[in-house]
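None of these values were measured; they are calculated from a predicted model. Just so we're on the same page: letters track the sequence lines, and every chain starts at 1.
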2 protein chains.
Amino acid sequence: MQLKSLRLFMAVAKTGSFVAAANQLHTVQSNVTAHIKKLEDELDVQLIQRAGRVRPTSAGLALVEYTERMLTAHDEAVSLFKGQEKACGRLRIGAMETTTAIRLPPILAAYHAAQPDVDIQIKTGPTAELVELLLDGQVDCVFVAGRLEHSRYHLLKAFSEQLVLVGSTPMSTMPSSQKLLTSAFLAFRQGCSYRQRIELLLASHGVNAGRIFEFGSLDAMLGCVAAGMGYTVLPRGTVEAHQYRFGIHTLELPSSIANIDTYFAAFEPETWTPALASFAETLREAVVDEPQLTAS
Amino acid sequence: MQLKSLRLFMAVAKTGSFVAAANQLHTVQSNVTAHIKKLEDELDVQLIQRAGRVRPTSAGLALVEYTERMLTAHDEAVSLFKGQEKACGRLRIGAMETTTAIRLPPILAAYHAAQPDVDIQIKTGPTAELVELLLDGQVDCVFVAGRLEHSRYHLLKAFSEQLVLVGSTPMSTMPSSQKLLTSAFLAFRQGCSYRQRIELLLASHGVNAGRIFEFGSLDAMLGCVAAGMGYTVLPRGTVEAHQYRFGIHTLELPSSIANIDTYFAAFEPETWTPALASFAETLREAVVDEPQLTAS
DNA sequence: CACTACTATCTTGTTTTGAGATAGCCTGAC
DNA sequence: GTCAGGCTATCTCAAAACAAGATAGTAGTG
């Protein structure tokens, strides 16, 4: 059974004429006859009443219903990839908590305005988990901290973040090693790339990573920092956005530790759905139009 | 885009191997490659990731969802006609009010027991309307009074009915012409073949058809007869089934007027769905097993 | 570095397909 | 009843598509 045959069958059922069906689908009448006949042979039932009026038989009418489902699904699948202008379907994005909170909203807004027919799904998690999601096909693209080592990714430097030390009291200089040693550090759960920077920071002050509390959400973490539970390290933009809500203070870090880039990563562009290609385009434009996004 | 290609694509996506997909669908690996490649060329997107692991790309995963819908509809359509043993789908029956009430229930019960997966739909109406429904493809088969003249029907004598005169008072002989002339007759709406018999009956007593009230349902009609509104003509079985509910009385009619056959009619058997073929078979068995159904 | 398992490509013979030409059939008009 | 017009079935042939096998190339493994 071929989709081509089913299209001809539907045309015959709807027009009530083999000739009309042939014209409608740009072929000749003999081919319509052949396709219908082949369908009838395969299903071992007469689908079209030819005596007098040409009309679907009971069996034909029953087939029409299933054929409509089939052809509808087919048309939708084709329009997923060949839809002119507007993309459709679904776009699944993986991003870090901090990126989702601060960087993504304007980009998603621009994208949704450009491609209103695409359903957007966001999954958040630390970098290591996001890479797993991408490899596992559970998301179409991710925003992660630092370049991915894997070779066959398409990478685009999306945002440049500057990490700052966050604490509950004003800081003008780095806390003493003694202070650091006795303080707790708060970080996202295992896999967060910012966490590596915390350890780097401590190491640069001759302190081994002590207690690190793991958090699942940004709000919880900042709330605990504000309560004096300890320090954390976060992008400046993220902290600024929340500073009015929490009594927290920041300290700039040396650039070797502070600067970290957020990359957009996906597989090769040839594997992209139009929805994803359009998103990458929107992102590229946003990055170009507002270079401060990637400036340190 | 061919269903064959889509099946291979699904097999590759599920097994993660071209070779495995080829074995599963009884073909060779080079054909799998060719079909996938053709799909990719048509949609202008890479569907399968070949580097390293063989797995669907983002685009491929998107296609999987639509393909599943397509193939499911296809499988259901095929099983409609090629389902082994049990028929499935839908059976739309047209029948007269009296047939539906008395004759069909045991047949439908037997049929449903044999083919539990078939959805049964009954439409009732007078013979003329039923024929229209059948011609219009709105039902798959009908039960009508009298042979259909049209040549290209498959006919089966299903039931033999004996019409009786029904009135509100006991009758031992035919009411007088005078009585008939001043009485009302109750019948189904235009198109009911029993109605012709009423006119035949009146004519045989030298009376022109006077007032005939039209009813849509059997209950309403019998209720009005019982209330003394007038006479009607109905199959004996129908009246007997309702006699305990209504105070009605019957009188036998001459066989030329009384005997009327109910036929099962559908188009040629080649146009039947398995559900319809199975129903015809059930009906034939019922008629053979209980010849009194068609005996006068 | 070689081995293994896999996919891509090429080739060949066969099947399928599309389009035209023709014959036969039904319908409606005169 | 006959005839014309429109429709479908059948036949034919060339072109295209396809399946299968053989072979080459590639990635991952020890």
For the pair made of CG in B/L3 and C1' in D/dA17, what is the distance, rounded to whole Å? 17 Å

How many Å lie between CD1 on B/I48 and P on D/dA27, as a whole number? 18 Å

Do B/F279 and B/I120 have side-chain heavy atoms sitting under 4.5 Å apart? no

Whole angstrom value for the distance that separates P of D/dA16 from NZ of A/K4: 13 Å

How are the rings of B/F264 and B/H154 set to each other: parallel, tilted or perpendicular (split at 30° and 60°)? perpendicular

Could you tell me how far apart B/Q2 (CD) and C/dT16 (P) are, to the nearest whole angstrom? 12 Å

Please enumerate all protein N or O atoms sitting under 3.5 Å from an N or O of nucleotides 8-10 of chain C, with distances to 0.1 Å.
unit_1: C/dA8; atom_1: OP1; unit_2: B/R50; atom_2: NE; d: 2.5
unit_1: C/dA8; atom_1: OP1; unit_2: B/R50; atom_2: NH2; d: 3.3
unit_1: C/dA8; atom_1: OP2; unit_2: B/T33; atom_2: OG1; d: 3.0
unit_1: C/dA8; atom_1: N7; unit_2: B/Q29; atom_2: NE2; d: 2.8
unit_1: C/dA8; atom_1: N6; unit_2: B/Q29; atom_2: OE1; d: 3.2

Nearest whole Å is fine: how far is D/dA19 P from B/L25 CG? 11 Å

Between B/E40 and B/K37, does any NZ, NE, NH1 or NH2 come within less than 4.0 Å of an OD or OE carboxylate oxygen? no

Give a yes-or-no answer on whether the side chains of A/R7 and A/H74 include a donor-acceptor pair shorter than 3.5 Å. yes

Length of the line joining B/E40:CD and C/dT7:P, which is rounded to integer Å: 13 Å

Please give, in whole Å, the distance from D/dG6 P to A/N23 CG? 14 Å

What's B/V54 touching, base or sugar-phosphate or nothing? Going by heavy atoms closer than 4.0 Å. sugar-phosphate

For a salt bridge (Lys or Arg N to Asp or Glu O under 4.0 Å) check, start with the C-alpha distance between B/R90 and B/D119, then their side-chain angles and the critical distance, and finish with the verdict. CA-CA 5 Å; B/R90 192 188 55 186; B/D119 290 333; over 6 Å; no

Side-chain N or O of A/K38 less than 4.0 angstrom from OP1 or OP2 on C/dT16? no

Do any side-chain nitrogens or oxygens of B/H35 fall under 4.0 Å of OP1 or OP2 in D/dA17? no

Rounded interatomic separation in angstrom, taking CG from A/D41 and C1' from D/dT10: 14 Å

Charged N to carboxylate O below 4.0 Å: is that the case for A/E161 and A/R103? yes

Which nucleotide in D/dG21, C/dT17, C/dA19 has an atom nearest any side-chain atom of A/N31: C/dA19

Can you confirm if the aromatic rings of A/Y153 and A/F267 lie within a centre distance of less than 6.0 Å? yes

Selection from D/dC7, D/dA17, C/dT7 that lies nearest to any side-chain heavy atom of A/V19: D/dC7

